[in-house]
Amino acid sequence: MKKTTAILTEIVSDAFEQCGYDRTLGNVIVSDRIDLCQFQCNGAFAGAKLYRKAPIIIAKDVAAVLAENPIFSKVEAVNPAFINLTLTDEYLASICREIANDEFCGIPQVEKETTVVIDYGGPNVAKPLHIGHLRSAVIGEALKRLARSCGMKVIGDVHLGDWGMPMGLVIAELSERNPGWKCFTDEFDPAVDKVAALDVNELNEIYPYASKKSKEDESFKDKAHSITAQLQARKPGYYALWQEIIRASVEDLKKSYSKLSVDFDYWYGESDADDYIPRLLKVLDDKGLMYENDGAMIVDVAEETDKAPVPPVLIKKTDGSVLYDTTDLATIIQRQEDFKPDNIWYVVDKRQALHFEQCFRCARKASLVSDSTTLEHLGFGTMNGSDGKPYKTRDGGVMQLSMLLDTAYNAAYERINKDNFDSEKEISETAQKLAVASIKFGDLINHRSKDYVFDLDKFLSAEGKTGAYLLYMVTRICSVLRRLGIDDEGDIQLGEIYTDSERELMLAIALTGEAFGHAIAERAPNYICENAYALAVSFSKFYHENHILSEEDEQKKSAWINLCRLVKKMIIKHLDVLAIESVEKM
Ligand code: ARG
């Protein structure tokens, strides 16, 4: 179904036309003075310039036509030239009734088939997930679900960091610790020889160790470089060991992501781009874009209008090894071939903006995707500690995701009312959901491009714009329905509007399409958070002002119960798009 402002825009555009004015002046927006009216149209201002008339005259002409329309309870042309609109309760309720029956909960669906590849998560193999990767996973998963909820076809790809120098470092360190392993010799035969099973905890310890060592020990660094190049050339022993590293690491990553309700359609990595690199090199060569410079192959991407220098893209080093730019470009070829996407979204730290600018320019120059395909870097800001610096552990180290989740779990556990539950298992499951909801909502409520301060106490608070508040509101509705013995199945039959707070709540429901419209246009899930919060606040007011449980008028009571069911469904839908699981009690 269409969003409410789109329906009203049609009606107001018709009225402009009927008065002899251009219909494009009829754009309707949500009122910013909800005390005066619900919607407004400011088209008379532009009309005044177009027709050299006093704007209020135009507003009055159009308002006179609209006043005849039975869907409005109030139409006003007010100085200087606003057209203020308020819907009748019948019409507002009819919109909500349509939303209640809509399989998409009133979320406007895209008009033409659209395929999006979304590149998010981006963890690096052999490194434990740290909070730097948390935002990509949380925002990316929400964007994926958001796009799906709007009817787009979405393919989520984790794009593992599995092919660069970190791999060489880990293998180099393993070879120093286990010099006897056959995989380090030329005799290794993958058809018969096996590599030792690796433990993920050991791997997680090795990378930081090897990385530090490479900074202090030049020869170790050279060794890692050389191993990286040989791995990329698929030397059998290194390649077999690398496969084992991937296996152990991915198994562990999947566990962490599942705790966050994040999952991927594809577990491709930078290494999967390898097959496409010869083609990339050929295209760049054929088009005369690539040339040798100081021992490396590069492509210029600077443009005259650049305000800051945009360095050339580095495609290949002298030793034959490829780089981050190369794998990203080759991956574009793979995605184009496999999915023919209309958009590719990269949910990556905004500090990588230059890298993506370089890649996208190079991809365009080489026509790796069709002109209509958009390549979008959806950059995000940093998660900071209370000191305004990137969030760290107490002793100043990098905070690992598992540690963060444990801390949040313990704090969430404390806040749960244990009397509401029959078993310890239920309590701990609820604490887990509350912890994850709080962390995720605390992140997603901020526009993705902004930095934010991680404040667990605030995120877990049952007041304010928090995940905890939203979960709490859902439990509130569940409890009302439970006490009334309502089984929450089947059609939702809304009644008429009896009270002011009920009207406000219905208006909030009717504005859901607007929120989804903004969110998808800006690729920004925070609008979904805001709308979920608006629904919860309106519900809370409605619940306080109308005594559902003790209401004697059966018709009224039934209307209210159905409204409760609709709000519950809507909030849960919003949470689901944010990949936040709700709970029935807490
Ligand atoms: N692994 C990279 C990192 O940790 C992120 C990958 C982002 N995606 C991409 N296509 N470059 O920085």
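In listed order, ligands and their atoms are each counted from 1.
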Under a 3.5 Å distance rule, please check whether [X] uses its side chain to pair with a backbone N or O of [Y] as donor and acceptor.
X      : Y      : value
His133 : Gly122 : yes
Thr382 : Asp451 : no
Arg335 : Ile344 : no
Arg145 : Asp576 : yes
Thr228 : Ala224 : yes

Below 4.0 angstrom, N of the basic side chain to O of the carboxylate: do [X] and [Y] qualify?
X      : Y      : result
Lys465 : Glu530 : yes
Lys153 : Glu113 : no
Glu216 : Lys221 : no

For ligand 1, which part of [X] has a heavy atom less than 4.0 Å away: the side chain, the backbone, both, or neither?
X      : result
Tyr120 : neither
Asp349 : neither
Thr331 : neither

Indicate yes or no: does an N/O atom of [X] lie under 3.5 Å from an N/O atom of ligand 1?
X      : answer
Tyr324 : yes
Gly122 : yes
Asn124 : yes

Atoms in ligand 1 flagged as close to [X], the criterion being non-hydrogen separation under 4.0 Å:
X      : result
Tyr346 : 10 (N)
His133 : 4 (O)
Val348 : 7 (C), 8 (N)

* To do: Could you check atom 8 (N) of ligand 1 against the protein and tell me its nearest heavy-atom contact, residue, atom and distance included?
  => Asp119 OD1, 3.1 Å

* Pick, from His355, His159, Gln352, the option with the minimum heavy-atom distance to atom 12 (O) of ligand 1. => Gln352

* Asked: Quick one: which of Asp328, Thr327, Asp162 has a heavy atom closest to atom 10 (N) of ligand 1?
  -> Asp328

